[in-house]
4 protein chains.
Amino acid sequence: MAKRTGEKYQAIIDAAVRVIAEYGYHHAQVSKIAREAKVADGTIYLYFENKDDVLISLFNEKMGNFIRDVKTTLANIASPAEQLKELIRLHFEYLEKDHQLAIVTQIELRQSNPEVRQQIGIILKKYLDVIDSVVQKGIEEGIFRPDIDIRTARRMIFGTIDETVTSWIMKDCKYSLMEQAEAIHQLFLRGIAR
Amino acid sequence: MAKRTGEKYQAIIDAAVRVIAEYGYHHAQVSKIAREAKVADGTIYLYFENKDDVLISLFNEKMGNFIRDVKTTLANIASPAEQLKELIRLHFEYLEKDHQLAIVTQIELRQSNPEVRQQIGIILKKYLDVIDSVVQKGIEEGIFRPDIDIRTARRMIFGTIDETVTSWIMKDCKYSLMEQAEAIHQLFLRGIAR
Amino acid sequence: MAKRTGEKYQAIIDAAVRVIAEYGYHHAQVSKIAREAKVADGTIYLYFENKDDVLISLFNEKMGNFIRDVKTTLANIASPAEQLKELIRLHFEYLEKDHQLAIVTQIELRQSNPEVRQQIGIILKKYLDVIDSVVQKGIEEGIFRPDIDIRTARRMIFGTIDETVTSWIMKDCKYSLMEQAEAIHQLFLRGIAR
Amino acid sequence: MAKRTGEKYQAIIDAAVRVIAEYGYHHAQVSKIAREAKVADGTIYLYFENKDDVLISLFNEKMGNFIRDVKTTLANIASPAEQLKELIRLHFEYLEKDHQLAIVTQIELRQSNPEVRQQIGIILKKYLDVIDSVVQKGIEEGIFRPDIDIRTARRMIFGTIDETVTSWIMKDCKYSLMEQAEAIHQLFLRGIAR
DNA sequence: AATGAATGAGCGTTCATTCAT
DNA sequence: CATGAATGAACGCTCATTCAT
């Protein structure tokens with residue numbers, strides 16, 4: 001029923017990002033997104049089941065692209081420590097390149113209803129799995145300490161990155177996000193103790 | 001205009017926590033909170049400016065208590081490393097003792113509108129300052145590495161704790177949160193590298 | 001939840017009859033009914049579950065009154081033949097006195113959705129039972145032929161009355177409906193054969 | 001503009017009957033009828049003015065066939081009483097042979113908008129004229145009572161038949177409709193009085 | 001102080017119809 | 001002739017807030 005491809009599909013998703021970033025989640029009406037995408041309101045329902053589906057698809061498309069890029073890049077890096085650095089770097093790069101997308105995924109979509117949030121959680125899981133595999137590999141190769149709990153480490157890595165991006169947005173993206181990557185990477189590896 | 005004291009003030013805040021935890025942010029209507037607090041809808045407006053004010057006051061009351069407790073406890077601890085451990089422990093203890101409050105502050109209130117979120121951010125700032133002061137003290141005393149950026153460390157500490165609590169709730173609080181504290185503390189101090 | 005009494009309850013039902021009669025079923029929006037009843041749109045939902053409930057309640061109130069009147073009147077008439085005459089007369093009188101109600105029940109409500117129509121059918125059943133009991137009594141007292149099937153007779157009586165009222169409305173209520181009662185009664189009793 | 005012939009014309013009408021019978025009037029969208037008829041949505045507008053025209057044409061085609069059959073059959077019957085019996089029998093036979101058509105004409109099309117209903121009324125008029133002519137002839141030949149009003153008798157005859165068919169459908173066509181014909185015929189001729 | 005009935009602005013979605021191909 | 005993607009008007013319902021009592 002709902003075609004999930006085509007240039008209008010993309011146009012609607014991109015319009016949704018712009019509208020949500022500009023007006024905020026609660027003022028991003030379907031009719032506003034349609035107008036921004038230069039299609040009729042009804043056209044949105046030829047490509048998406050409903051409004052929630054637009055938001056979920058938005059996250060899925062953008063996150064899907066990101067995870068693919070991360071996986072491709074990490075595959076060419078042997079060292080888990082370097083993989084971790086690259087993951088942080090890519091995460092920051094991806095959002096720093098597109099402030100609007102950053103606002104939408106970090107701030108606005110988190111106000112969405114439980115159904116949307118649940119779907120987002122499922123999509124995000126794939127990213128967390130990538131983090132897990134980096135940590136796992138590090139332990140196996142003896143690069144990371146054998147006694148660390150993978151899930152605890154993953155939550156530190158994701159939680160820190162997420163909080164860093166959110167802070168950056170709250171400060172109006174005034175400073176460079178990517179420049180933070182190195183320091184965070186060092187913190188992850190060596191901790192704060194002398 | 002709005003009385004910020006009295007037993008009904010507390011009753012309404014506590015009712016809001018229960019209703020939001022049970023029904024979720026989007027189904028926590030003023031009338032439902034009023035019924036839970038055993039007052040009339042209109043009575044809420046004698047104690048609060050509006051619904052947003054209820055949510056902000058809720059966070060302010062609970063977070064205010066928490067920050068006070070943390071400050072009191074840390075004041076009696078000399079070592080910054082021990083202070084950090086205690087901060088993590090208290091954070092977890094506070095939310096593990098009150099699952100409903102945990103759900104409300106970690107999950108539900110994050111769906112609130114920009115105005116509420118902004119106020120929450122301001123309140124939260126006081127907690128972040130506490131974290132900053134612990135890190136600062138650690139650096140000054142030579143316990144923590146002198147080259148770490150305080151804000152970066154703070155985001156790691158808060159981001160990790162926050163993500164850990166959120167994961168715990170998403171997994172239905174099935175395991176002990178406080179038992180995670182030690183591992184996280186070690187990770188903060190020593191990092192993941194061997 | 002929905003209060004089914006009070007002067008506003010009646011005002012809304014009466015406004016619904018007027019609006020539906022004037023604008024037709026498909027143009028009888030909730031906001032139009034509210035305006036006609038001099039209440040806010042939301043007030044309708046304090047007294048009714050939803051729009052369908054307004055329509056069902058309308059039919060239930062009006063039909064309920066009518067059935068009560070019919071039962072009361074028939075109770076004071078001994079002869080089944082006279083009871084039948086009175087039933088026809090009352091049916092015509094009730095609708096001739098209120099053209100708008102006639103239009104709503106005979107024409108407009110029949111365009112309603114399946115849920116409403118089903119409820120109307122259930123309410124109407126009580127009226128059909130009254131017809132049945134008159135026929136039954138006639139047979140038992142030997143006034144009506146013993147070989148007639150009660151359900152067949154009931155369908156003739158109701159079908160004829162209903163068709164007569166609908167024709168009358170379609171002809172813009174230009175002639176007297178009650179004057180038809182006697183002829184119909186004779187037709188029911190004696191048939192068309194010489 | 002609209003071609004009123006061709007195999008697609010018939011295919012669309014037949015598809016409309018099937019779709020309306022299966023899904024009900026309110027769920028019989030043009031696109032669903034088009035799919036059932038194996039044509040494109042737009043093709044319907046090459047054969048019909050609009051959706052209303054499909055419904056009216058449907059009724060016109062089916063009712064036209066029926067009236068032609070009735071007239072042909074009655075022309076070969078001398079007795080008005082026998083003509084009446086045959087008319088009832090044919091009416092029942094026609095609808096009992098095609099349950100879907102019965103559902104559409106008796107139940108679903110009555111939910112249509114005023115414009116469609118008006119056109120249906122005009123088409124139906126031809127059938128009512130046939131009933132009138134039977135009654136007229138009966139009176140003229142002295143078989144029926146001279147004092148009966150033709151229109152009253154017609155409404156009784158049509159109203160009863162119509163109500164009988166509707167009841168039959170509402171009871172899921174569980175019993176034989178044609179078996180009712182004889183009893184109804186007797187009721188018309190002799191009435192219910194002993 | 002407390003009540004709770006009343007208010008009314010705001011929006012996602014459907015589907016008959018069109019028209020470029 | 002035939003297609004089917006695109007159009008856009010129209011509306012029931014919720015719920016934070018008010019105010020007469």
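We name chains A, B, ... by the order of the sequence lines, and we start the count at 1 in each one.
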When you measure from the side chain of Arg110(C) to the backbone N and O of Gln111(D), does any donor-acceptor pair fall under 3.5 Å?
no
Distance under 6.0 Å and angle within 45° of the ring axis: does Lys8(B) meet both against Phe48(B)?
no
Nearest-Å distance, NE2 (His27(C)) to P (dA9(F))?
16 Å
For the student: nearest non-hydrogen atoms of Tyr45(B) and Asn50(B), plus distance
CE2-CA, 3.8 Å
Atom pair distance, as rounded to whole Å: OH in Tyr23(B) and P in dC15(F):
13 Å
Check whether Asn113(D) reaches the backbone of Val116(D) with its side chain - one donor and one acceptor, N or O, closer than 3.5 Å.
yes
Using whole Å, what does the distance between atom C1' of nucleotide dA2(E) and atom CD of Glu7(B) come to?
14 Å
Integer-rounded Å distance: dA16(E) P and Lys32(D) NZ
10 Å
Residue closer to the 5' end of DNA chain F, Ala40(D) versus Gln29(C) (nearest nucleotide):
Ala40(D)
According to a 3.5 Å limit on both distances, what stems of 3 or more consecutive Watson-Crick or G-U pairs are formed with DNA chain E?
E:2-21 with F:2-21
Using modelled atom types and a 3.5 Å cut-off, is there a donor and acceptor pairing between side-chain atoms of Lys51(C) and backbone atoms of Val30(C)?
no
In short, Ile123(D) meets Ile56(D) closest at the heavy-atom pair CD1-O, 4.0 Å
In whole angstrom, give the distance that lies between atom OH of Tyr47(C) and atom P of dT7(E).
9 Å
What is the distance, to the nearest angstrom, from the CD1 atom on Ile33(A) to the C1' atom on dG8(F)?
17 Å
Rounded to the Å, how far apart are Lys38(A) NZ and dA5(F) C1'?
19 Å
Would you give the length of the straight line joining atom OH of Tyr47(A) to atom OG of Ser57(A), rounded to the nearest 0.5 angstrom?
13.5 Å
Between the side chains of Asp52(D) and Arg117(D), is the shortest nitrogen-to-carboxylate-oxygen separation below 4.0 Å, so that they form an ion pair?
no
Taking atom NE2 of His27(D) as the centre, report whether more than 12 heavy atoms of other residues, nucleotides or ligands fall under 6.0 Å from it.
no
Can you tabulate the close N/O pairs, meaning under 3.5 Å, that link protein atoms to atoms of nucleotides 17-21 of chain F?
from    : atom 1 : to       : atom 2 : distance (Å)
dT17(F) : OP2    : Tyr45(B) : OH     : 2.9
dT17(F) : OP2    : Lys51(B) : N      : 2.8

Minimum-distance nucleotide to Leu46(D) side chain [options: dG12(F), dA2(F), dT7(E)]:
dA2(F)
Nearest-nucleotide pick for Thr43(A), side chain only, options being dC15(F), dA6(E), dT7(F)
dT7(F)
Return the value, rounded to whole Å, for the distance between atom CZ of Phe48(B) and atom P of dA2(E).
13 Å
For the side chain of Lys8(A), counting heavy atoms from C-beta on, which of dA6(F), dA6(E), dT3(F) is nearest?
dA6(F)
